[in-house]
Amino acid sequence: MANDPSAAGAPPAAAAALKSFKHFINGEFVDSKGGKSFEKRSPADNTLIGHVQEGGQPEIDAAVAAAKAAMEGPWGRMSIDERAALLHKVADEITRRFGDFVAAEMADTGQPKSMMEHAFIPRGAANFKIFADVVKNVATESFMTPTPDGAGALNYALRVPKGVIGVICPWNAPLLLMTWKVGPAMACGNAVIVKPSEETPGTATLLGEVMNAVGVPKGVYNVVHGLGPNSAGEFLTKHEGVAAITFTGETRTGAAIIKNTSDGIRDVSFELGGKNAGLIFADCDFDAAIEGTMRSVFLNCGQVCLGTERLYVERPIFDKFVAALKAKAEALKTGPSEEKGVNLGPLISKEHQTKVLSYYAKAKAEGATIVTGGGVPEMPGALANGSWVQPTIWTGLPETASVIREEIFGPCCHITPFDDEADAIRMANDTKYGLSTAIWTSNLSRAHRVAAKVEVGITWINSWFLRDLRTPFGGSKQSGIGREGGVHSLEFYTELRNVCVKL
Ligand code: NAD
Ligand code: 6OD
């Protein structure tokens, strides 16, 4: 079955045929032994897109065995240069099949084509190239150690792959977030088992075809589809053949995973939820702050972990800011991926729509002023069955309100006025989360001062989601454990072994 496009979920010539998303284990597309599968529906109109195989213990066992064999076989014997060259080929093949990846991700998430083409899919390819280059260029440490006999000792470190890495992924930027972990894990010489989100099986499956096409040895990249508890996700985290788990998703899922990994004492890297603040000072470049905040609230229909659902605006520009953001939010064009000019897609699923709408209802019940939105837009024809919600802005709530404290993961924000810098910092930090902040000001001293005081892993000043993959990425407090990016990814995906040579 390897290299059979229909096996990986690509639509056959007769359009509208249902897709079949199979596991990719040991270089082959396979069904579950137990014959279990689940439905994948379109976020845009809730039609059935296809069926996804649900993996169980046998599929996880098979993937771990394949991954271990790959580490002991040709993959383990490859030089860093050979591995890096192969990863460049993976990136090039993703680029050659750009249209297939864009189509698969659009079908799964319903998000605008332009965002796939300009950001999410190119980043998926870049994650392989950048980390292949990082691995080639990072030195290990060495020390000359004095000894009583005067001859001394040389200590040097070896960087070795950790082993089989379990990669558990969310649905909000499927290829980007999966390759952000698979790229460095493979560059460091590990083999991976990916458990994609049940909502987005497409691009992880397609990547199996890419791996085969460029000659990545079988068993290095494996995909086991399934759900979380009592399914592929849980079985992967509990498997004693898995050396480490890297996970992106909700904070409470992270808590469940850490319990399941504790028996085997496995290393974890967690990128979790957030409730990020945007701090907008009166001295900001107003137009740039509005443009950046529009992106940080509404990009990907608000389904970005780094997005800002809490805005704090200095009082002298509060009314002007609220009015400008309202006007821009009302000018967003909601619609399906392929439609020209669309910049707001649907939420990922009916279940997530229900969750977001429950927060819209809570905001109203708790006494919010609804500046705009708050409901479901009228969509034509079959689109009326999709997971759409209106872009929504609230004001007037106390800091104790649910929509200010809890992560919603939708196209919405609450805006609170503040009177001084200390007040803004206090409110920004008053959360259990600590992922990111965006600060908008033209006062350089203030920018640095505030950046040093906000309790988050990533602060943007006069920008948002501007990424350099060499920088440390991760969350403070309940937004994560550890850092990835650049050398920090190497720290997680390798073991450092010290060798002491008596001279
Ligand atoms: P989720 O936690 O519901 O699911 C993530 C993955 O975990 C899925 O593949 C799911 O099947 C799996 N899973 C669920 N329960 C499991 C279990 N018990 N054992 C093993 N696996 C299990 O998250 P989601 O809804 O897919 O994604 C949205 C969340 O992800 C938001 O909270 C968002 O903030 C967060 N996120 C964080 C970052 C970051 O970098 N910090 C990036 C993207 C998304
Ligand atoms: O840009 C990245 O590397 C990254 N991990 C982005 C996360 C986006 C969250 O939705």
Side-chain angles (χ1 to χ4, degrees), residues 38 52 54-55 60 109 119-120 123-124 126-127 130-131 166-181 183-184 194-201 204 223-239 242 245-261 268-276 296 299-307 309 347-349 351-352 355 406-410 433-436 456-458 460 464-486 488-489:
F38 54 89
V52 189
E54 183 183 348
I60 294 294
T109 67
F120 287 9
R123 249 302 293 285
N127 282 333
I130 299 249
F131 288 104
V167 184
I168 302 183
C169 307
W171 43 258
N172 59 312
L175 184 73
L176 184 159
L177 291 171
M178 186 252 293
T179 56
W180 160 248
K181 288 162 179 299
V194 175
K195 210 300 276 172
S197 166
E198 46 274 47
E199 301 290 353
T200 50
V223 178
V224 180
H225 293 291
L227 312 175
N230 201 28
S231 183
E234 181 177 325
F235 301 142
L236 180 59
T237 57
K238 283 183 167 170
H239 203 292
V242 175
I245 294 287
T246 180
F247 166 73
T248 306
E250 284 189 35
T251 297
R252 66 174 173 192
T253 310
I257 290 177
I258 212 163
K259 286 186 191 121
N260 288 337
T261 52
V268 295
S269 172
F270 281 176
E271 291 169 8
L272 307 175
K275 188 71 184 178
N276 312 306
S296 69
L299 186 85
N300 211 28
C301 199
Q303 303 166 118
V304 179
C305 57
L306 307 157
E309 289 185 351
L347 294 170
I348 188 69
S349 63
E351 187 188 349
H352 192 47
K355 175 183 165 184
E406 296 163 27
E407 182 185 52
I408 303 170
F409 225 49
Y433 294 109
L435 190 53
S436 77
V456 294
I458 305 138
W460 279 284
W464 176 76
F465 210 173
L466 177 59
R467 294 279 289 114
D468 180 328
L469 305 186
R470 297 167 299 181
T471 58
F473 182 98
S476 308
K477 301 199 259 186
Q478 292 193 26
S479 288
I481 296 179
R483 295 290 180 270
E484 297 195 35
H488 308 284
S489 295

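For ligands, and for the atoms within them, numbers begin at 1 and follow the listed sequence. As a basis for the values below, the full set of heavy atoms in this structure was taken, side chains included, without hydrogen atoms, waters or symmetry mates.
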* Between the main-chain N or O of Gly475 and the side-chain N or O of Arg483, is there a donor-acceptor pair closer than 3.5 Å? -> yes
* Using atom types as modelled and distance alone, determine if a side-chain donor or acceptor of Asn127 lies under 3.5 Å from a backbone N or O of Lys181. =>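 Between the backbone of Lys181 and the side chain of Asn127 there is no qualifying donor-acceptor contact (under 3.5 Å).
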For ligand 1, which is the ligand I care about here, please tell me if [X] has any N or O atom under 3.5 Å from one of the ligand's N or O atoms.
X	result
Thr237	no
Ser479	no
Thr251	no
Trp171	yes
Leu435	no
Phe409	no
Thr248	no

* **Whether Arg123 lies under 4.0 Å from ligand 2, heavy atom** =>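 In this structure, Arg123 qualifies as a contact of ligand 2 - some heavy atom is under 4.0 Å.
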Structural part of [X] in contact with ligand 1, heavy atom criterion under 4.0 angstrom:
X	result
Glu198	side chain
Glu407	side chain
Leu177	side chain
Ile168	side chain
Cys169	backbone
Asn172	side chain
Ile257	side chain

* **Name of the residue among Ile257, Thr237, Thr261, Val167 meeting side-chain contact (heavy atoms from CB on, under 4.5 Å) with Phe247** =>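 Checked Ile257, Thr237, Thr261, Val167 against Phe247; only one passes side-chain contact (heavy atoms from CB on, under 4.5 Å): Ile257.
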* Tell me which part of Asn300 gets within contact of ligand 2: side chain, backbone, both or neither, using heavy atoms under 4.0 Å. => neither
* Per-residue contact class, Val304 against ligand 2 - non-hydrogen pairs under 4.0 Å ->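 Within the 4.0 Å criterion, Val304 contacts ligand 2 through backbone and side-chain atoms alike.
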* Asked: How long is the span from the CD1 atom in Ile348 to the OG1 atom in Thr200, to the nearest 0.5 Å?
  ->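 The distance works out to 6.0 Å.
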* Asked: Heavy-atom contact under 4.0 Å between Pro196 and ligand 1?
  ->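 Contact present.
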* Asked: What protein heavy atom is closest to atom 1 (O) of ligand 2, reported as residue, atom name and distance in Å?
  -> Arg467 NE, 2.7 Å
* Give the residue, atom name and distance (to 0.1 Å) of the protein heavy atom nearest atom 22 (C) of ligand 1. => Gly228 CA, 3.5 Å
* In this structure, are over 12 heavy atoms from other groups packed under 6.0 Å from Arg470 atom CZ? ->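 No, not enclosed.
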